[in-house]
Protein chains: 2
Amino acid sequence: MAPFDSGKSTWKNAALLDATCVDCDVRNTAFCDGVPERELARLETLATFLEIRSGETIINEADPSEFIFNVTGGAVKLYKLMADGRRQITGFLFAGSFLGVSDHSEYAYTAEALAPTSLCRFPRKKFESLLAEFPTIGQRMVSILMDDLAGAQNQMLLLGRKTARERVASFLVLLSTRTGKKEQGREVLPIPMNRVDIADFLGLTIETVSRTLTSLKKDNIITIPDGGHIEILDSDELAAISEHL
Amino acid sequence: MAPFDSGKSTWKNAALLDATCVDCDVRNTAFCDGVPERELARLETLATFLEIRSGETIINEADPSEFIFNVTGGAVKLYKLMADGRRQITGFLFAGSFLGVSDHSEYAYTAEALAPTSLCRFPRKKFESLLAEFPTIGQRMVSILMDDLAGAQNQMLLLGRKTARERVASFLVLLSTRTGKKEQGREVLPIPMNRVDIADFLGLTIETVSRTLTSLKKDNIITIPDGGHIEILDSDELAAISEHL
DNA sequence: CGACTCGTTGACTCTCTTCAAGGATAGTGG
DNA sequence: CCACTATCCTTGAAGAGAGTCAACGAGTCG
């Protein structure tokens with residue numbers, strides 16, 4: 001087996017788990033929300049539970065889309081690559097997210113674990129029959145995909161029209177709404193991704209991200225206790241920057 | 001009634017048509033593909049057929065999402081606005097496309113007709129019950145939304161990482177695959193949108209779009225017979241530019 | 001024919017990138 | 001325990017690509 005840091009390894013090396021749908025952490029947020037409790041056993045016959053390590057690849061862009069996934073824990077980044085190595089991260093996923101968007105029969109992006117990550121996996125074909133069997137799954141999927149599409153359009157606005165400062169502020173606001181927890185006005189965000197990932201998500205360089213964070217720090221809007229955390233001091237100001245100037 | 005060029009008018013001013021599902025032009029591309037012929041009458045009881053003029057608004061960003069639409073003819077642009085007027089066009093839709101993506105209960109974008117456009121409209125609530133009634137609609141919707149999401153991710157790569165020349169080339173390639181028809185090697189694209197729209201779609205200014213088109217013309221990759229058309233002379237080179245350098 | 005819109009072109013500016021160097025932190029091995 | 005290395009992040013100086021500002025040409029409409 002490849003060493004811990006291998007970026008080439010895939011879910012084929014992943015540990016298989018004996019998890020169950022009943023005590024799934026994302027039971028009420030994933031697309032299986034709405035499947036009646038008594039049907040969970042049926043659902044489980046189609047699912048495989050996986051655990052993968054940080055840095056491992058889950059799916060590759062342009063590979064045939066044989067499976068779809070739910071992220072049940074951890075963090076995942078999605079990205080597209082150009083021939084010369086330029087990269088655009090199209091999203092970060094956390095527990096409860098759907099994974100495996102495809103254009104026709106090929107995956108639209110590469111997905112890689114940012115942290116130790118757990119997943120449940122369904123064969124695509126069987127998933128399609130699930131839609132016929134459980135109409136509520138179809139409704140949930142439509143709802144999830146629409147939310148994802150709305151998020152993608154926000155990101156297009158960011159990438160097409162926002163300044164570096166606005167992009168970084170938007171990024172912090174986004175992370176805050178998804179993973180943040182406030183403690184008496186103070187809000188310390190865990191940042192599971194490195195500067196390269198942030199830059200490739202925001203369409204910037206790592207230098208610009210670094211400079212912009214330093215600038216926000218100087219303006220007393222954030223502090224940076226360490227590389228893995230950012231504390232938001234003035235979330236109102238941050239929100240104002242993110243959508244205006 | 002407002003004059004022809006009004007941008008404020010909405011579908012509320014639209015002409016209602018006595019169209020039918022049976023002889024619908026997009027019968028086999030829209031989400032209703034897969035609904036058995038004998039059920040079309042049932043579908044029709046929920047649908048309203050509309051015709052709107054160029055420049056009219058179909059839906060507004062952040063309005064409650066009461067309806068969803070199929071574009072049955074014409075052309076539509078989708079966009080998001082910032083407070084200071086900066087605009088990002090997130091997509092152009094043609095016949096067969098789905099319209100009305102919402103984040104929770106609000107539309108994610110504004111939609112405006114680029115040309116005289118025909119639509120069929122379903123109340124959102126009834127549409128949801130349709131998903132339960134016709135599982136194939138759910139499957140089609142999932143498929144359509146995934147394709148849209150894959151397209152959105154391509155656009156993120158474009159906006160985040162491509163140069164102006166690559167963006168314009170990508171745009172022409174995209175239009176070519178969607179509305180183009182080749183005639184003995186020559187391919188004349190109708191361009192239903194103006195330079196402002198192209199710029200706002202590509203995250204550029206009109207000047208940069210204009211300069212880039214001129215540059216492609218000088219390199220004998222395209223010609224510009226008039227404002228509304230672009231002829232592609234070398235589609236291979238155009239494709240090469242669009243994804244490399 | 002003037003007024004307007006739209007697209008093109010030129011000159012200059014500026015934001016962000018590129019290139020380069022230096023700090024901080026963690027892991028490794030003598 | 002402390003160099004040694006590697007990785008990640010920050011900071012600085014210079015450069016480039018796209019933006020801004022401005023003028024002009026072509027087509028359209030009243």
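Numbers restart at 1 for each chain; the letters A, B, ... are given by sequence-line order, proteins then strands.
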Donor-acceptor contact below 3.5 Å, side chain [X] vs main chain [Y]:
{"X": "A:Arg161", "Y": "A:Met156", "answer": "no"}
{"X": "A:Thr117", "Y": "A:Ala75", "answer": "yes"}
{"X": "A:Ser210", "Y": "A:Glu207", "answer": "no"}

Taking it one step at a time, do B:Asp148 and B:Ile144 satisfy side chain to side chain contact (heavy atoms under 4.5 Å, CB included)? CA-CA 6 Å; B:Asp148 286 357; B:Ile144 287 169; 4.0 Å; yes
Sorted by position of nearest nucleotide on DNA chain C, 5' first, the leading residue of A:Lys162 and B:Arg195 is B:Arg195
Hey, what's the ring geometry for A:Phe98 with A:Phe31, parallel, tilted or perpendicular (30° and 60° as the breaks)? perpendicular
Over how many whole Å does the gap from [X] atom [atom1] to [N] atom [atom2] extend?
{"X": "A:Ile206", "N": "D:dC8", "atom1": "CD1", "atom2": "C1'", "result": "8 Å"}
{"X": "A:Ile191", "N": "D:dT10", "atom1": "CD1", "atom2": "P", "result": "11 Å"}
{"X": "A:Leu213", "N": "D:dC8", "atom1": "CG", "atom2": "C1'", "result": "14 Å"}
{"X": "A:Asn194", "N": "C:dA26", "atom1": "CG", "atom2": "P", "result": "16 Å"}
{"X": "A:Arg167", "N": "C:dT15", "atom1": "CZ", "atom2": "C1'", "result": "11 Å"}
{"X": "A:Asp84", "N": "C:dT17", "atom1": "CG", "atom2": "C1'", "result": "15 Å"}
{"X": "A:Met193", "N": "D:dC8", "atom1": "CE", "atom2": "C1'", "result": "16 Å"}
{"X": "A:Ile224", "N": "D:dC8", "atom1": "CD1", "atom2": "P", "result": "17 Å"}

List the atom of B:Arg167, the atom of B:Leu159, and the distance in Å for their closest heavy-atom pair. NH2-O, 3.1 Å
Terminal axes of the helix from C:dC1-D:dG30 to C:dG30-D:dC1 (five pairs each): angle between them, nearest 10 degrees: 30°
Min side-chain heavy-atom separation B:Phe201-B:Met193 under 4.5 Å: no
Compare side-chain N and O positions of B:Thr214 against OP1 and OP2 of C:dT9 and report whether any pair is under 4.0 Å apart. yes
Heavy atoms under 4.0 Å is the rule here; annotate nucleotides 19-30 of chain D 5' to 3' with B where the base is hit, S where only the sugar-phosphate is, and - elsewhere. SBB---------
By ring-ring contact (aromatic ring centres under 6.0 Å, His included) - contacts of B:Tyr107 (at least two apart): none
Is it true that the side chains of A:Ser176 and A:Glu187 contain a donor and an acceptor less than 3.5 Å apart? yes
